[in-house]
Amino acid sequence: IEERIIPTSKKDAVRLLRDNVGKFFGITFIKKDGSKRTLNAHMSDKYFINDLGYLNIITNRNEYKQVDPKNILEITINGNKYVTK
């Protein structure tokens, strides 16, 4: 299966995650220290976003991580790679 690369806005990337709550996805983002991080994770509908606007993701090791939506570089869901502008 060939992976499709789809340019998307950061706002649409968050909407895409919201539409796929409970499904696993790959996400690449910039951490607070400036380094790049890639995780396999899923999201809970109940704790999707916190009061400060961070996304609450649950890794495949069942660890909770917070991701700033402004720092998302790409998301891979269902064989499609969404790259933020």
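Throughout, numbering of the chain's residues begins at 1 and tracks the sequence.
- Closest of all the heavy-atom pairs between Asn56 and Met43 is O-CE, 3.7 Å.
- No more than 12 heavy atoms of other residues, nucleotides or ligands lie within 6.0 Å of CG in Asp51, so this atom counts as exposed by the packing criterion.
- Residue Phe25 comes nearest to His42 through the heavy atom pair CE2-CA, 3.6 Å, listed as atom of the first residue, atom of the second, then distance.
- Considering every non-hydrogen atom in both Pro69 and Val14, the closest pair reads CB-CG2, 3.7 Å.
- Scanning both residues, Leu52 and Asn50, for their nearest heavy atoms gives N-OD1, 2.9 Å.
- Distance CD1/Ile30 to CG/Asp68: 11.0 Å, rounded to 0.5 Å.
- With Ser44 as the fixed residue, the side-chain contact (heavy atoms from CB on, under 4.5 Å) test singles out one of Ile58, Ile57, Val21: Ile58.
- Hydrophobic clustering of Ile, Leu, Val, Met, Phe, Trp and Tyr side chains at less than 4.5 Å, counting indirect connections, unites Leu55 with Ile77.
- The CZ atom of Arg15 sits 12.5 Å away from atom OH of Tyr82, with the distance rounded to the nearest 0.5 Å.
- Between the Asn20 side chain and the Leu16 main chain, a donor and an acceptor come within less than 3.5 Å of each other.
- Separating the CD1 atom in Ile49 from the CG atom in Leu17 is a distance of 10.0 Å, to the nearest 0.5 Å.
- Nearest heavy atoms, Leu39 versus Phe29: CD1-CE2, 3.8 Å.
- Interatomic distance, CD1 of Ile6 versus OG1 of Thr76, reported as 10.0 Å (0.5 Å rounding).
- Counting only distance, with no hydrogens or angles, the side chain of Thr59 and the backbone of Glu63 share a donor-acceptor pair below 3.5 Å.
- Within the 3.5 Å criterion, the main-chain N or O of Ile72 finds a donor-acceptor partner in the side chain of Thr84.
- Considering CG of Leu73 and OG1 of Thr28, their distance stands at 6.5 Å, rounded to 0.5 Å.
- Heavy-atom contacts from other residues, nucleotides or ligands closer than 6.0 Å to OH of Tyr64 number 12 or fewer.
- Among all heavy-atom pairs drawn from Gln66 and Tyr54, the shortest one is CB-CB, 4.1 Å.
- Just one residue in the list Lys81, Arg37, Lys85 forms a salt bridge (charged side-chain N to carboxylate O under 4.0 Å, His left out) with Glu74, and that residue is Lys81.
- Put simply, the side chain of Asn40 does not reach to within 4.5 Å of the side chain of Arg61, judged on heavy atoms.
- The main-chain N or O of Asn80 is never found under 3.5 Å from a side-chain atom of Asn78 such that the two would form a donor-acceptor pair.
- Figure legend: Lys65 and Tyr47 shown without cation-pi pairing, the cationic atom not lying both under 6.0 angstrom from the six-membered ring centre and within 45 degrees of its axis.
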